[in-house]
Colleague: 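Before anything else, here's the structure in question.
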Amino acid sequence: MADCLFCKIERGEIPAKKVHEDALCFAFEDIQPQAPTHVLVCPKEHVASLAEAQPGHRELLGHLQAVAAGIAKQRGLSAFRTVVNTGTEAGQSVFHLHVHLLGGRAMSWPPG
Ligand code: 5GP
Ligand code: ZN
């Protein structure tokens, strides 16, 4: 998608600190980290949100979570949280599907 921020990051048109890339996804440090580890894991395919995901994306959705868990393991995080905000009211601000990986501090529940 020409005008999508995360598609631009994927194409290297906007700089970001990439921490992972494979055939299906890429991951980079969040610009405004909410925890000592705050990484965004995105599919290379532009999917606007989890609500737009199709049955054909099931493997991709699992892959994003597995990659997030792998980055957490690499960083020695014994506890971490993965979050997918879906829709403006739930806090989604960039409409390219992404999994937040947050870790390195204590977290409360429920989220705000
Ligand atoms: P959302 O609110 O859609 O769940 O998450 C979007 C995330 O993207 C936010 O945590 C925000 O800090 C991050 N973000 C927004 N713009 C940029 C950017 O230009 N670069 C990077 N690395 N992260 C961004
Ligand atoms: Zn996109």
Side-chain angles (χ1 to χ4, degrees):
M1 272 262 287
D3 263 354
C4 168
L5 177 64
F6 290 173
C7 284
K8 285 181 179 170
I9 287 177
E10 197 236 319
R11 293 194 296 266
E13 293 169 16
I14 290 176
K17 197 171 168 208
K18 281 199 186 164
V19 299
H20 173 88
E21 182 163 13
D22 63 38
L24 294 177
C25 75
F26 60 106
F28 53 94
E29 303 283 354
D30 196 292
I31 203 167
Q32 221 179 321
Q34 302 300 315
T37 284
H38 189 172
V39 168
L40 304 173
V41 186
C42 304
K44 287 189 167 174
E45 179 185 344
H46 179 89
V47 179
S49 80
L50 193 55
E52 264 74 42
Q54 302 298 310
H57 291 127
R58 286 179 181 200
E59 195 179 327
L60 175 63
L61 295 174
H63 183 69
L64 299 176
Q65 292 285 346
V67 166
I71 295 167
K73 192 173 182 185
Q74 255 176 24
R75 296 185 178 200
L77 294 172
S78 56
F80 59 88
R81 184 175 289 177
T82 57
V83 175
V84 180
N85 297 322
T86 304
T88 309
E89 273 182 68
Q92 186 175 9
S93 60
V94 178
F95 284 80
H96 179 130
L97 176 63
H98 50 283
V99 173
H100 293 257
L101 166 64
L102 296 147
R105 65 165 169 81
M107 289 178 202
S108 57
W109 188 263

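Atoms within each ligand, like the ligands themselves, are counted from 1 in listed order. If you're wondering where the values come from, they're calculated on a predicted model, not measured in any experiment.
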Colleague: Identify, by name, the N, O or S atom of H46 lying closest to the Zn ion (ligand 2).
Modeller: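 Looking at H46, the N, O or S atom with the least distance to the Zn ion (ligand 2) is ND1.
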Colleague: Quick one: NE2 on H98 to CG on D30, what's the gap to the nearest 0.5 Å?
Modeller: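 Reported to 0.5 Å precision, the distance equals 8.0 Å.
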Colleague: Taking K44 for the side chain and D22 for the main chain, is one N or O donor matched with an acceptor at less than 3.5 Å?
Modeller: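 Yes: the side chain of K44 pairs with the backbone of D22.
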Colleague: What protein heavy atom is closest to atom 5 (O) of ligand 1, reported as residue, atom name and distance in Å?
Modeller: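 I find the closest protein heavy atom is H98 NE2, 3.0 Å.
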Colleague: What protein heavy atom sits nearest atom 3 (O) of ligand 1, and how far off is it?
Modeller: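 The closest one turns out to be S93 N, 2.7 Å.
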Colleague: Write out the residue and atom name of the closest protein heavy atom to atom 22 (N) of ligand 1, then the distance separating them to 0.1 Å.
Modeller: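 Nearest neighbour among protein heavy atoms for atom 22 (N) of ligand 1, to 0.1 Å: E29 O, 3.0 Å.
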Colleague: With a cut-off of 4.0 Å, which atoms of ligand 1 are near a heavy atom of Q32?
Modeller: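 Once the distances to Q32 are compared, the set is 12 (O).
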Colleague: What do you reckon, does Q92 have a nitrogen or oxygen under 3.5 Å from a nitrogen or oxygen of ligand 1?
Modeller: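 Looking only at distances, the answer is no, because the N/O contact criterion of under 3.5 Å is not met.
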Colleague: Show which atoms of ligand 1 fall inside a sub-4.0 Å distance from at least one heavy-atom site of V94.
Modeller: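 So the answer, numbered in order with elements, is 3 (O), 6 (C).
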Colleague: Would you say the Zn ion (ligand 2) has C42 as a near neighbour, meaning an N/O/S atom of that residue under 2.8 Å away?
Modeller: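 Looking at C42, which is the residue asked about, there is no N, O or S atom under 2.8 Å from the Zn ion (ligand 2).
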Colleague: Against heavy atoms of G91, which atoms of ligand 1 measure under 4.0 Å?
Modeller: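 In order of numbering, the contacting atoms are 1 (P), 2 (O), 4 (O).
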Colleague: Counting only N and O atoms by type, is there a donor-acceptor contact under 3.5 Å from the side chain of Q34 to the main-chain atoms of Q32?
Modeller: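 A pair under 3.5 Å: yes.
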Colleague: When you measure from atom 13 (C) of ligand 1 to every protein heavy atom, which one gives the shortest distance, and what is it?
Modeller: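 Closest protein heavy atom to atom 13 (C) of ligand 1: D30 OD2, 3.3 Å.
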Colleague: For H100 and ligand 1, answer yes if some heavy atom of the residue is under 4.0 Å from a ligand atom, otherwise no.
Modeller: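 Yes, that is the case, since the closest heavy atom of the residue is under 4.0 Å from the ligand.
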Colleague: Quick check on the hydrophobic clustering: are V41 and L61 connected, directly or via other members, by side-chain heavy-atom contacts under 4.5 Å?
Modeller: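 Looking at the clustering, L61 is in the same group as V41.
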Colleague: Identify whether I9 and V94 are in the same connected component of the hydrophobic contact network (ILVMFWY, side-chain heavy atoms under 4.5 Å).
Modeller: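 In one cluster with I9: V94, yes.
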Colleague: Roughly how far, to the nearest 0.5 Å, is CG of L64 from OG1 of T82?
Modeller: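 If we round to the nearest 0.5 Å, T82:OG1 and L64:CG are 10.5 Å apart.
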Colleague: For Q34, state whether at least one heavy atom is located under 4.0 Å from any atom of ligand 1.
Modeller: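 Judged by the 4.0 Å heavy-atom criterion, Q34 does not count as contacting ligand 1.
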Colleague: Closest non-hydrogen protein atom to atom 23 (N) of ligand 1, residue and atom name please, with distance?
Modeller: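 Result for atom 23 (N) of ligand 1: I31 N, 3.3 Å.
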Colleague: Any nitrogen or oxygen of N85, main chain or side chain, under 3.5 Å from a nitrogen or oxygen of ligand 1?
Modeller: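 Yes.
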Colleague: If you compare all heavy atoms of F6 against all heavy atoms of C42, which two are closest, and at what distance to 0.1 Å?
Modeller: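 Shortest heavy-atom contact: CD1-SG, 3.7 Å.
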Colleague: Under 3.5 Å, side chain of E52 to main-chain N/O of L97, donor-acceptor pair present?
Modeller: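 Not at all, since once roles are kept as given, no pair shorter than 3.5 Å links the two residues.
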Colleague: Which residue supplies the protein heavy atom nearest to atom 16 (N) of ligand 1, what is that atom called, and how far is it?
Modeller: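 Looking at atom 16 (N) of ligand 1, the protein heavy atom closest to it is L5 CD2, 3.3 Å.
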Colleague: In the structure I gave you, are the side-chain heavy atoms of E29 and V19 within less than 4.5 Å of one another anywhere?
Modeller: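 In short, these two side chains touch, coming nearer than 4.5 Å.
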Colleague: Measure the acute angle between the ring planes of H38 and H100, then classify it against the limits of 30° and 60° as parallel, tilted or perpendicular.
Modeller: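 Aromatic pair H38/H100 classed tilted.
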Colleague: Give the atom numbers and elements of ligand 1 that come within less than 4.0 Å of a heavy atom of L40.
Modeller: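 Every atom of ligand 1 under 4.0 Å from some heavy atom of L40: 7 (C), 8 (O), 13 (C).
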Colleague: Counting C-beta onward and ignoring hydrogens, is there a side-chain heavy-atom pair between V67 and F26 closer than 4.5 Å?
Modeller: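 Side chain of V67 against side chain of F26, heavy atoms only: no contact under 4.5 Å found.
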Colleague: Using the Zn ion (ligand 2) as the apex, give the angle to atoms ND1 (H96) and SG (C7), rounded to 10 degrees.
Modeller: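 The two atoms subtend 110° at the Zn ion (ligand 2).
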Colleague: Show me which atoms of ligand 1 lie under 4.0 Å from any heavy atom of F6.
Modeller: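 Result: 8 (O).
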Colleague: So which bit of V83 gets within less than 4.0 Å of ligand 1, heavy atoms only: side chain, backbone, both or neither?
Modeller: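 Answer for V83: neither.
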Colleague: Within the side chain of K17, is there an N or O that forms a donor-acceptor pair under 3.5 Å with the backbone of I31?
Modeller: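 Absent.
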Colleague: Can you sort out which atoms of ligand 1 are near F28, meaning under 4.0 Å from one of its heavy atoms?
Modeller: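 So the answer, numbered in order with elements, is 21 (C), 22 (N).
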